[in-house]
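Take a look at the structure set out below.
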Amino acid sequence: MDEPEALVDALLAARSGAGFERSEVRVVRAPARVNLMGDHTDYNDGFALPAAINLALEIACVAASDRIVDLELAATGEHGIVDLDAIGPRQGTCLDYVAGTAWALAEAESSIAGFRGLLRSTIPTGAGLSSSAAIELAVAWALSGPDGPSLAPMTLVRTAQRAENAYVGVMSGVMDQFAVAMGRAGMALHLDCRTLAWRPVPIPTDLEIVVCHSGTPRRLQTSAYNDRRAECFRAAREIAAREPGVEALRDVDLGMLERHRARLDEVAYARALHIVTENDRVMATETALETGDLEGLRRIFAASHASLRDQFEVSSVALDTLVEIAMATPGVVAARLTGAGFGGCTVNLVERGRSDELRRALARSYEARTGFEASVYVVDAADGAGIAWPPP
Ligand code: GLA
């Protein structure tokens, strides 16, 4: 991404009639995220291991004395307007994330003010890299004073999640907003999605994170995602009826799941099996990263992909093909689909300096095999949302 200062210049040029001073402009930035391990575990109170990455969304903004948000999209020149004193129902456009964040912050009694802004982003939309959580967190910073949102960090995370759940109407878990808000350069973040306790896990410096976008649309994602949630809750309910300590699949281990297998329908059992084993894989991935166990990482990622494909049924021919090509490419340590699935991306750990081999392998056969074009992003784990300009 260009320097934030270029966005400052662009805002001043676009609003030259407004008489803004350069010193009044701030640039807020929120990163994308990729999940290294632990998918669909967040809404089951389980564990996840995401990282914020250096694809990002930035807003250059000037605080306004009125209650109007006027946000221009650099890519199209379109303006979105939100009146903070008259936030209506959702419109079904990307402005919903702006209005929803303002609504949720107001509900949480965080003080907000209008602004004039210019937004640009290097996060591909519809790729499953949390561009929506990035809008929410960037807007939360833009709506707040120079010191940032007045809420405690985890309250801000929950508030952004509420914008998505209660206003936009997508029943996602907490992982995306957490990772986008709390990212740390060079680190994955081990998150307990029940307590929100977390710790940074260093990513070995001899590994690169490579995100491969399958180029496939994620139609059906919302309804299929909600179906998976319901199936997981059904399994948890059945088991909880006979196991007093169980509130969510997080509380179930493999032995317990097998004891109650006969009571579960086949689908609920398969979904639960994924969640129970995926939680273990988050712990195992953390250990393998800490000890530099590359063989272990390869095995754990492969098991996760197989489980997401066969038990959770959220993979696709495109995602399976990306993983298959990656696993046959020298220098690729580990590969799996990441995020919700139903299209979107894979995450790959690659020996540093060897990502071109993966790029070439995909160019050779991915499109021929699937009819889709892959995009490859070599990324670094990055810091979470905050002020990108002026420098501290
Ligand atoms: C989406 C949701 C997250 C999480 C992932 C799957 O990204 O927004 O809350 O459930 O899917 O791990």
Side-chain angles (χ1 to χ4, degrees), residues 7-8 10-20 24-31 56-121 123 125-126 130-151 155-172 176-177 180-181 222 385-389:
L7 194 62
V8 174
L11 174 74
L12 291 172
R15 310 266 179 169
S16 54
F20 293 148
E24 293 177 88
V25 184
R26 283 182 308 151
V27 177
V28 296
R29 174 191 292 154
L57 180 151
E58 290 180 338
I59 301 173
C61 55
V62 174
S65 50
D66 58 25
R67 299 274 296 163
I68 302 294
V69 171
D70 176 347
L71 184 58
E72 180 180 344
L73 303 182
T76 61
E78 278 170 283
H79 281 251
I81 313 275
V82 175
D83 180 346
L84 297 177
D85 291 328
I87 298 174
R90 67 166 184 254
Q91 307 290 319
T93 70
C94 67
L95 204 58
D96 286 349
Y97 294 103
V98 180
T101 302
W103 169 82
L105 284 169
E107 288 265 299
E109 294 179 1
S110 182
S111 69
I112 52 174
F115 66 86
R116 308 289 178 265
L118 179 64
L119 181 155
R120 71 174 178 191
S121 176
I123 308 175
T125 52
S130 291
S131 59
S132 58
I135 302 189
E136 289 153 10
L137 268 305
V139 165
W141 277 79
L143 287 165
S144 306
D147 298 330
S150 58
L151 303 172
T155 311
L156 177 63
V157 167
R158 284 292 190 203
T159 303
Q161 185 193 3
R162 188 160 147 70
E164 182 120 9
N165 293 170
Y167 187 89
V168 181
V170 176
M171 288 316 294
S172 50
D176 302 345
Q177 288 80 11
V180 168
T222 307
I387 304 281
W389 199 86

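None of these values were measured; they are calculated from a predicted model.
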- Atom pair CD1 (I59) and CD1 (I135), whose distance is rounded to the nearest 0.5 Å: 8.0 Å
- Query: Looking at side-chain heavy atoms only, is the closest gap between L71 and F115 below 4.5 Å?
  - Reply: yes
- Tell me, please, which residues at least two apart from R120 pass side chain to side chain donor-acceptor pair (under 3.5 Å). E58
- Task: Name all pairs fulfilling the side-chain hydrogen bond (donor to acceptor under 3.5 Å, both in side chains) condition that reach into residues 70-80, sequence neighbours left out, sorted by first residue then second.
- Result: R15-D70, D70-H79, E72-H79, T76-E78
- Item | A99 to Y167 - nearest heavy-atom pair and separation | CB-OH, 3.6 Å
List the atom pairs, with distances to 0.1 Å, where a side-chain N or O of residues 155-163 and a protein N or O form a donor-acceptor pair under 3.5 Å, not counting sequence neighbours.
| unit_1 | atom_1 | unit_2 | atom_2 | d |
| --- | --- | --- | --- | --- |
| R158 | NH1 | Q161 | OE1 | 2.9 |
| T159 | OG1 | T155 | O | 2.6 |
| Q161 | NE2 | N165 | OD1 | 3.4 |
| Q161 | NE2 | S172 | O | 3.3 |
| Q161 | NE2 | G173 | O | 3.4 |
| R162 | NH2 | E107 | OE1 | 2.8 |

- Minimal heavy-atom distance between I123 and S131, with the atoms involved, is CG2-CB, 3.7 Å
- Query: What residues, two or more places apart in sequence or in another chain, satisfy side-chain contact (heavy atoms from CB on, under 4.5 Å) together with L95?
  - Reply: V82, T93, V98
- Listed partners of Q177 passing side chain to side chain donor-acceptor pair (under 3.5 Å), at least two apart: E136, E164
- What residues form a side-chain contact (heavy atoms from CB on, under 4.5 Å) with A113, not counting sequence neighbours? none
- Determine whether L11 and L7 make a side-chain contact, defined as any pair of heavy atoms from C-beta on separated by less than 4.5 Å. no
- Task: Flag the pair P31 / V180 as yes when at least one side-chain heavy-atom distance between them is below 4.5 Å, and no otherwise.
- Result: yes
- Please tell me if the side chains of I68 and R116 come closer than 4.5 Å, counting only heavy atoms from C-beta onward. yes
- Task: Please list, chain by chain and in numerical order, all residues satisfying side-chain contact (heavy atoms from CB on, under 4.5 Å) with V168, sequence neighbours excluded.
- Result: D96, Y97, V170
- Query: Got a sec, which residues hit side-chain contact (heavy atoms from CB on, under 4.5 Å) with S16, two or more places apart in sequence or on another chain?
  - Reply: none
- Across all chains, not counting sequence neighbours, the side chain to side chain donor-acceptor pair (under 3.5 Å) partners of D83 are none
- Steps toward side chain to side chain contact (heavy atoms under 4.5 Å, CB included) verdict (I387, V28): CA-CA 4 Å; I387 304 281; V28 296; 4.1 Å; yes
- Rounded to the nearest 0.5 Å, the CG atom of L119 sits from the CG atom of L57 at a distance of 4.0 Å
- Item | With R67 via side chain to side chain donor-acceptor pair (under 3.5 Å) - residues at least two apart | D85
For residues 139-151, run the donor-acceptor check on the side chains, cut-off 3.5 Å, and write out each pair with its distance to 0.1 Å, sequence neighbours left out.
| unit_1 | atom_1 | unit_2 | atom_2 | d |
| --- | --- | --- | --- | --- |
| S144 | OG | A140 | O | 2.6 |
| S150 | OG | S110 | OG | 3.2 |

